[in-house]
Q: 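One structure is given below, represented as structure tokens, and several questions about it will come after.
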Amino acid sequence: MVVSAIKGMSDIYSPEVEVWREIEEKARQLFLRFGFREIRTPVVEKAELFARSIGEDTDIVQKEMYTFPDRKGALLTLRPEATASIVRAIIQHRLHNIPTMGKFFTIGPMFRYERPQKGRYRQFHQIDAEVIGFEDPVVDAEAMYLAMLFLEETGLRNIELRINSLGCSLCRPPYKKRLVEYLKNYETSFCKDCARRLNSNPLRVFDCKVPGCREIVSGAPKVTDSLCEHCRQHFEKVCFYLDEVKCGYKHDRNLVRGLDYYNRTAFEIVAGGLGAQNAVGGGGRYDGLFAELGGPDIPAVGFAIGMERLMILLKAEVKKERVKRPDIYFIALNEEAREKFFGLAQNLRKRGLYVELGYELRSLKSQMRRANKFGSSHVIIVGESELEKKTAILRNMDTKEQSELPLDNNTEQVLIEKLSKENE
RNA sequence: GUGGGUGUAGCUCAACAGGUUAGAGCACUGGGUUGUGGCCCCAGAGGCUGUGGGUUCGAGUCCCAUCACUCACCCCA
């Protein structure tokens, strides 16, 4: 019986992995221009961190976390998202006291124990960004702008930004009360899940896709209409700044999010082609989280982008050839020939060339075929007659030109010069 | 956690209604050129048909179970 990977967790290899690297690199470059610094936190944390941040009554905490005791019985959790860990790290190292350190990003794996399907995996990767310390709506807008800009720069088209305001600790509780009052009138008509949500987390009925529930919800009071003056102005300002940079968005009054820590601004970036998992990214403001986790009371905004989902949307990109072609492919026709150029090959690599070696002493024809499969631009052949003359054959695979070069202490230099000359 | 679909060579897929030795393309190896790639030609290698039971004279094919993958519900990136 062969051992296979864990369900819902995949190996990432060529040619996809080259695209991953490109995208990650693009993210780093862009985020740096926006003043973000990278932060890398452990993938395991104490279980309570997530229960306290994401919310006891969310699906993530209730049934989707990888939680297990370590050897001494401490409950650990594989992080289901990045925000909680980053906030924890900021509080722990007092990073909020450093004026130039207000923006953080991280790229890495997250874990949720769910039934895998298209765009949803048990180990998945997020590009995550957090801006801390600012309450001003300009920050919300900039975060969304950055998320959209990044996705566009990867080549994505036809994505939609959906935004909403969830209110704050002042206006949400009274709103919640009104909502529950309204919903109670239809208590018997809800689906099983919504009936439960009614008591546990009433805002989430807005997420329900059951037609009956949707209908009831369409008549329900909306958060947006119940915002306090402060939140209303905040939301308007967010919209203003988005307009200012011509960042299109749709005000989705039914948008709520699955993590409890969000307040005011919440957003999602949706795309077709992902099946049921239509969000490539999402985020929002979480002003209360720092205090909730025992830190100073500082506001923050953040978002995450799903790598796997982005990859699905960018699938066509994978077909492009991204693997470099070798500058030189060495072919030895016998052991003695190989002994002669092994050192040379390593030195050329040190000097920056991509060099491949034929590791098997097979027929010239078969080694040539192999060199060709790699797309090598040059081949160096050494066999018996070359050994006698102390030379090597250099063949340009594109032009088929061949020349002899002396095999001595100077070969390395001669080769480098020759190749760089050709590239002019 | 619930439901549907699919499991045959490394990959993509065939195999009439249950019937001889499970095939093809691509990929792989060797040869066609004593030591020169791509195209072409020839040959070769590669399979416990996911696994375990059952029905049958006979199972890749039918039945049951199980596992894996996949899609959807739920939830979210």
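Numbered from 1 within each chain, the chains take letters A, B, ... in sequence-line order. All values derive from a computational prediction rather than experimental measurement.
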Q: From B/rG37, B/rA77, B/rG35, pick the nucleotide closest to the side chain of A/Met368?
A: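 Nearest to the side chain of A/Met368 among the choices is B/rG37.
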
Q: Does A/Ser363 reach the main-chain N or O of A/Ser366 with its side chain, forming a donor-acceptor pair under 3.5 Å?
A: yes

Q: Given B/rG35, B/rA77, B/rG38, which nucleotide is nearest the side-chain atoms of A/Ser385?
A: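 The nucleotide sitting nearest to the side chain is B/rG35.
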
Q: Does the pair A/Arg28/A/Glu38 count as a salt bridge with the N-to-O cut at 4.0 Å?
A: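 Yes, this pair counts.
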
Q: Looking only at atom C1', what distance separates B/rG1 and B/rA45, rounded to whole Å?
A: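 Comparing C1' positions in B/rG1 and B/rA45 gives a spacing of 47 Å.
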
Q: Has A/Glu64 got a side-chain atom pairing as donor or acceptor with A/Glu114's backbone, closer than 3.5 angstrom?
A: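 Side chain of A/Glu64 to backbone of A/Glu114, a donor-acceptor pair under 3.5 Å: no, none is there.
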
Q: Are side-chain N/O atoms of A/Glu422 and A/Asn396 paired as donor and acceptor at under 3.5 Å?
A: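 Judged by distance alone, the side chains do pair up.
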
Q: Paired with B/rU56: which nucleotide, if any, by Watson-Crick or G-U wobble criteria at under 3.5 Å for both distances?
A: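 Base partner found: none.
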
Q: Does a side chain donor of either A/Tyr329 or A/Arg370 reach within less than 3.5 Å of an acceptor in the other side chain?
A: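 Yes.
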
Q: Contact class for A/Ile331 (heavy atom, under 4.0 Å): base, sugar-phosphate, or nothing?
A: nothing

Q: Under a 3.5 Å cut-off for both distances, is B/rU34 Watson-Crick or wobble paired, and to whom?
A: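 Paired with no nucleotide.
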
Q: Does A/Lys400 have a side-chain nitrogen or oxygen under 4.0 Å from the phosphate oxygens OP1 or OP2 of B/rU36?
A: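 Answer no for this pair, as no side-chain N or O of A/Lys400 is under 4.0 Å from OP1 or OP2.
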
Q: For A/Glu386, report the nucleic acid contact type (base, sugar-phosphate, nothing); a contact means any heavy atom under 4.0 Å.
A: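 Base contact.
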
Q: Roughly how many Å is it from CZ in A/Arg120 to P in B/rC74, rounded to a whole number?
A: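 Result: 10 Å.
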
Q: Using the P atoms only, state how far B/rA15 lies from B/rC62, rounded to an integer number of Å.
A: 12 Å

Q: What is the distance, to the nearest angstrom, from the CZ atom on A/Arg115 to the P atom on B/rC73?
A: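 It is 13 Å, rounded to the nearest whole Å.
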
Q: Taking only the C1' atom of each, what is the distance from B/rC69 to B/rA27 in whole angstrom?
A: 23 Å

Q: Can you identify which nucleotide, out of B/rG37, B/rG35, B/rA77, has its nearest atom closest to the A/Ile393 side chain?
A: B/rG35

Q: Using whole Å, what does the distance between atom P of nucleotide B/rU36 and atom CD1 of A/Ile380 come to?
A: 19 Å

Q: Could you check which nucleotide pairs with B/rU6 in any of the strands shown, counting Watson-Crick or G-U wobble with both distances under 3.5 Å?
A: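 For B/rU6, the partner nucleotide comes out as B/rA68, under the 3.5 Å rule.
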
Q: Looking at B/rA72, I'd like to know if its phosphate oxygens (OP1 or OP2) sit under 4.0 Å from a side-chain N or O belonging to A/Gln117.
A: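 So the side chain of A/Gln117 is within the cut-off, an N or O lying under 4.0 Å from OP1 or OP2 of B/rA72.
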
Q: Any Lys/Arg nitrogen of A/Asp140 or A/Arg264 sitting under 4.0 Å from an Asp/Glu carboxylate oxygen of the other?
A: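 Looking at A/Asp140 and A/Arg264, the cut-off is not met.
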
Q: Roughly how far apart, to the nearest Å, are B/rA22 and B/rG30 at atom C1'?
A: 26 Å

Q: Can a salt bridge be assigned to the pair A/Glu160 and A/Arg162 using a cut-off of 4.0 Å between side-chain N and carboxylate O?
A: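 Yes, charged N to carboxylate O under 4.0 Å.
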
Q: Write down the distance between CG (A/Asn372) and P (B/rA27), rounded to a whole number of angstrom.
A: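 After rounding, the gap between these two atoms is 12 Å.
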
Q: May I have the step-by-step check of side-chain contact (heavy atoms from CB on, under 4.5 Å) for A/Ile393 and A/Ile331, ending in yes or no?
A: CA-CA 10 Å; A/Ile393 295 173; A/Ile331 295 177; over 6 Å; no

Q: Under 4.0 Å, heavy atoms only, any strand: does A/Ala279 hit a base, just the sugar-phosphate, or nothing?
A: sugar-phosphate

Q: On a whole-Å scale, what distance lies between the C1' atoms belonging to B/rG54 and B/rA59?
A: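 Roughly 11 Å separates the two C1' atoms.
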
Q: Between protein and nucleotides 28-31 of chain B, what N or O pairs are separated by less than 3.5 Å?
A:
unit_1, atom_1, unit_2, atom_2, d
B/rC28, OP1, A/Lys373, NZ, 2.7
B/rG30, OP1, A/Arg362, NE, 3.4
B/rG30, OP1, A/Ser366, OG, 3.4
B/rG31, O6, A/Arg369, NH2, 3.4

Q: I'd like to know if A/Gln367 reaches the base of B/rG35 with its side chain, counting only an N/O donor and acceptor under 3.5 Å.
A: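 Not at all, since no donor on one side and acceptor on the other fall under 3.5 Å apart.
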
Q: State the pairing partner of B/rC73; accept Watson-Crick or G-U wobble contacts with both distances under 3.5 Å, and report none otherwise.
A: B/rG1

Q: Roughly how many Å apart are B/rG25 and B/rG46, using the C1' atom of each and rounding to a whole number?
A: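 Approximately 15 Å lies between the C1' atom of B/rG46 and that of B/rG25.
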
Q: Which base, if any, makes a Watson-Crick or G-U wobble pair with B/rA24, both distances under 3.5 Å?
A: B/rU12

Q: Counting any heavy atom closer than 4.0 Å, what does A/Glu384 reach on the DNA or RNA strands: base, sugar-phosphate only, or nothing?
A: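 Since a base atom lies under 4.0 Å of A/Glu384, the category is base.
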
Q: Salt bridge check: are A/Glu386 and A/Lys340 linked by an N-O gap of less than 4.0 Å?
A: no

Q: Hey, which sits more toward the 5' end of RNA chain B by its nearest nucleotide, A/Thr399 or A/Gly8?
A: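 Counting from the 5' end, the first nearest nucleotide belongs to A/Thr399.
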
Q: If I pick the C1' atom on B/rU51 and the same atom on B/rA24, what distance separates them, to the nearest angstrom?
A: 27 Å

Q: Under a 3.5 Å distance rule, please check whether A/Ser226 uses its side chain to pair with a backbone N or O of A/Lys222 as donor and acceptor.
A: yes

Q: Over how many whole Å does the gap from A/Glu81 atom CD to B/rA77 atom C1' extend?
A: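 Taking CD of A/Glu81 and C1' of B/rA77, I get 11 Å after rounding.
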
Q: Under 3.5 Å, is there an N or O donor on one side and an acceptor on the other linking the side chain of A/Arg395 and the base of B/rG37?
A: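 Check passes, donor-acceptor contact within cut-off.
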
Q: When the P atoms of B/rG58 and B/rU20 are compared, how many Å lie between them, rounded to an integer?
A: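 Looking at atom P only, B/rU20 and B/rG58 are 15 Å apart.
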
Q: Atom CZ of A/Arg112 and atom C1' of B/rG1: how far apart are they, to the nearest Å?
A: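 Nearest whole value for this atom pair: 18 Å.
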
Q: What is the distance, to the nearest angstrom, from the CG atom on A/Leu394 to the C1' atom on B/rG35?
A: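 Checked: the CG to C1' distance equals 17 Å.
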
Q: Taking pairing as Watson-Crick or G-U wobble with both contacts under 3.5 Å, can you name the mate of B/rG46, or confirm there isn't one?
A: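 Per the H-bond distance test, none.
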
Q: Could you give the CE-to-P distance, from A/Met110 to B/rA77, as a whole number of Å?
A: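 Distance, rounded to whole Å: 11 Å.
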
